[in-house]
Amino acid sequence: MAFTVTMLSWSAMEFADDIAAAGEWRHVLEAIKWGTDYFVKAHTEPYVLWAEVGDGDTDHYCWQRPEDMTTSRQAYKVDRDNPGSDLVGETAAALAAASMVFRRTKPHYAQVLLHHAEQLFEFGDKYRGKYDSSIGEAYSYYASVSGYGDEMLWAALWLHRATGKASYLDYAVDMAEEFGGTTWAITEFSWDVKYAGLQILATKVLLEGKAKAEHKATLEKYKAKAEHYLCACLNKNGDAGNVNRTAGGMLFVRQWNNMQYVTNAAFLLTVYSRYLTSAGAGQEPPVLQCPDGPAHADQLLTLARSQTDYVLGANPAGVSYLVGYGQRFPRRMHHRGASIVSHRGDGRFIGCMQGYDNWFLRKGANPNVVVGAIVGGPDHLDRFRDRRDNYMQTEACTYNTAPMVGIFAHLHTETRSSPRNIEHKKFLQD
């Protein structure tokens, strides 16, 4: 949830004009604030963050609408004695990023978010530990595979961007090696593994020419690791390792919810292409130096567009993996609320196992459409089975959609202003 809000906020910052031109600015702010309001309420004390509500085991035992749930709503927290630097760090990043989005329209609220972000960062750094070690119930469902180092570096770089305080950049430089920021060469970016994203944030400081002399050597190391990820996506990494692709052209990392890696890659590719172009400042922009040759900013954008087109239906299966878009999209999402008749349509109580008996096993389409959700997507052979029990492919996550908000808005603007489209409009007017 925190990663979703961070990526929504990053989208809002990078593509504000495009989102506004598409008429979606108010909706994006509402979505971000829905999350940040919750985080502020969950941060009840400087060194306490309520981390999870409910138990994954009992929740998965039942198939019910949210209105009918009778499973335990026990809440779990991280604190001094039970630390969770990864969760705390990501929440700090989300609040810091969001504070920049609200700075102009809700300045007081932005300051509240920033205050909580700085407190949470201090909490995460002072009491270090993995949240899934403190909350055993989280381990089976959202294990912290990468640990907390990436989240703490990510939070520091977001706080540096939000506050301008040198101390946060000092932290990202000082802890770069210990926390893996300049040592981990990664070929994925996800809610758990943040290295590629934070390496690009660090590179942005370098490209903008704002780095102090004593920081440049470390930031160059960050840049090298960021380029490793981007070159891997472009299939230009030589023997250093590339991201696999399906025959249909989709970036493929692993079979369970592969779309999260596709949408996040599309976002980072697009953002970095903008950073490269901006760094040119009226002259020839720098290029991405890959083992198999240089790559220009437009090549990154081309790959990002191809992945976006794949999501929207330009794929061998001819399926739009954005629910509600196009003629063919997943009709049997693995989603309790979608798969059972709405409470408004039938207010009778549906029991824990009754949902499995009467709704989960139905072959028909879900009665409710979760418009805008992006499902897990196809396998390594571009095959997709639209079945409710095929949770690896038909389950949707908010962090699949979040990075695409800015991309869709950007491509919407680009398409409307393309020479071909302008000529078409002129022809119609004439």
Side-chain angles (χ1 to χ4, degrees), residues 1-5 8 24 26-44 49-77 87 91 94 135 137-138 140-142 191 256-257 259-260 321-325 329-376 386-402 405:
M1 182 178 175
F3 180 68
T4 295
V5 171
L8 272 176
E24 297 295 334
R26 180 173 60 84
H27 294 137
V28 170
L29 293 186
E30 287 174 355
I32 293 170
K33 192 172 184 295
W34 185 89
T36 52
D37 282 353
Y38 181 88
F39 300 147
V40 168
K41 292 174 184 176
H43 185 214
T44 52
L49 179 66
W50 290 89
E52 179 176 330
V53 178
D55 181 294
D57 289 332
T58 56
D59 281 359
H60 279 70
Y61 182 74
C62 298
W63 194 264
Q64 290 175 286
R65 298 175 297 199
E67 295 91 342
D68 296 326
M69 287 175 69
T70 55
T71 49
S72 170
R73 294 293 90 201
Q74 181 175 340
Y76 304 86
K77 66 181 178 179
L87 180 64
T91 308
I135 303 173
E137 289 76 8
S140 299
Y141 297 93
Y142 286 96
W191 69 267
W256 194 318
N257 188 22
M259 272 302 166
Q260 68 174 309
Y321 297 109
L322 180 71
V323 177
Y325 177 82
F329 57 83
R331 305 281 179 170
R332 300 167 188 83
M333 270 179 61
H334 181 89
H335 187 287
R336 286 160 176 76
S339 66
I340 302 174
V341 65
S342 71
H343 195 268
R344 183 179 298 174
D346 185 345
R348 290 177 294 181
F349 177 77
I350 295 175
C352 174
M353 300 306 293
Q354 188 182 353
Y356 277 114
D357 294 339
N358 297 348
W359 294 98
F360 183 75
L361 298 175
R362 289 173 72 247
K363 292 184 179 179
N366 289 344
N368 309 305
V369 179
V370 187
V371 176
I374 295 180
V375 298
D386 186 13
R387 288 177 42 166
R388 212 166 285 116
D389 60 353
N390 182 21
Y391 45 82
M392 285 190 180
Q393 294 188 337
T394 62
E395 188 172 29
C397 299
T398 55
Y399 50 79
N400 292 12
T401 301
V405 170

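All values reported here derive from a predicted model rather than from experimental measurement. For the numbers below, each heavy atom of this structure counts, side chains included, while hydrogens, waters and symmetry mates do not.
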Q.
Run the side-chain contact (heavy atoms from CB on, under 4.5 Å) test on Leu361 and Asp357 for me, step by step, so that the C-alpha distance in whole Å, both residues' side-chain angles and the decisive distance to 0.1 Å come before the verdict.
A. CA-CA 7 Å; Leu361 298 175; Asp357 294 339; 5.6 Å; no
Q. Between Trp359 and Gln354, does a side-chain contact (heavy atoms from CB on, under 4.5 Å) hold up when you go through it step by step?
A. CA-CA 8 Å; Trp359 294 98; Gln354 188 182 353; over 6 Å; no
Q: Please step through side-chain contact (heavy atoms from CB on, under 4.5 Å) for the pair Ile340 and Ile350, ending with a clear verdict.
A: CA-CA 9 Å; Ile340 302 174; Ile350 295 175; 3.2 Å; yes
Q: Any chance you could lay out the side-chain contact (heavy atoms from CB on, under 4.5 Å) test for Trp34 and Met1, step after step, and finish with the verdict?
A: CA-CA 11 Å; Trp34 185 89; Met1 182 178 175; 3.6 Å; yes
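No donor-acceptor distance shorter than 3.5 angstrom exists from the side chain of Glu395 to the backbone of Gly376, with no hydrogens or angles considered. With hydrogens and angles disregarded, a donor-acceptor distance shorter than 3.5 Å links the side chain of His334 to the backbone of Arg388. Of the possible polar contacts, none joining the Arg336 side chain to the Pro66 backbone as a donor-acceptor pair under 3.5 Å is found. Side-chain atoms of Tyr399 do not come within 3.5 Å of backbone N or O of Phe3 as any donor-acceptor pair. With Asp59 contributing its side chain and Thr71 its backbone, the two residues share no donor-acceptor pair below 3.5 Å. Formation of a donor-acceptor pair under 3.5 Å by the Asp68 side chain with backbone atoms of Phe349 is not found in this model. Between the side chain of Thr401 and the backbone N or O of Gly372, at least one donor-acceptor pair lies under 3.5 Å.
The two residues Ala338 and Val370 have their closest heavy-atom pair at CB-CG2, 3.6 Å. Of all heavy-atom pairs between Asn390 and Gln393, the closest is ND2-OE1, 2.7 Å. Summarising the geometry of Phe39 relative to Ala2, their closest heavy-atom pair is CZ-CA, 3.5 Å, with the distance given to 0.1 Å. Closest approach of Glu52 and Ala138 over heavy atoms only: OE1-CB, 3.4 Å. Minimum interatomic distance between Gly35 and Val5 (heavy atoms only, all atoms of both residues): CA-CG2, 4.0 Å. In plain terms, the two heavy atoms of Val375 and Met333 that are nearest each other are CG1-CG, 3.8 Å.
Expressed to the nearest 0.5 Å, how far OG1 of Thr4 lies from CG of Asn400 amounts to 8.5 Å. Going from atom CG of Asp57 over to atom OG of Ser72 covers 11.5 Å, rounded to the nearest 0.5 Å. Once rounded to the nearest 0.5 Å, the distance linking CG of Asn368 with NE2 of His335 reads 9.0 Å. Here the CG-CZ distance, from Asn366 to Arg332, works out to 8.0 Å after rounding to the nearest 0.5 Å. For the atom pair CZ (Arg65) and OG (Ser342), the distance works out to 7.5 Å, reported to the nearest 0.5 Å. Considering OH of Tyr141 and NE2 of His60, their distance stands at 5.0 Å, rounded to 0.5 Å.
The aromatic rings of Tyr356 and Trp63 sit tilted relative to each other, their planes meeting at an angle between 30° and 60°.
For Arg331 and Phe329, the positive end sits near the middle of the six-membered ring, less than 6.0 Å away and at most 45° from its axis.
For Phe360, the CZ atom is densely surrounded, since the number of other residues' heavy atoms within 6.0 Å is greater than 12. The 12-atom threshold is not exceeded at CZ of Arg387, counting heavy atoms of other residues, nucleotides or ligands nearer than 6.0 Å. Atom CZ of Arg73 has more than 12 neighbouring heavy atoms from other residues, nucleotides or ligands inside a 6.0 Å radius. Counted within 6.0 Å of OH on Tyr76, heavy atoms from surrounding residues, nucleotides or ligands total more than 12; the atom is thus considered enclosed.
Put simply, the side chain of Thr398 does not reach to within 4.5 Å of the side chain of Trp191, judged on heavy atoms.
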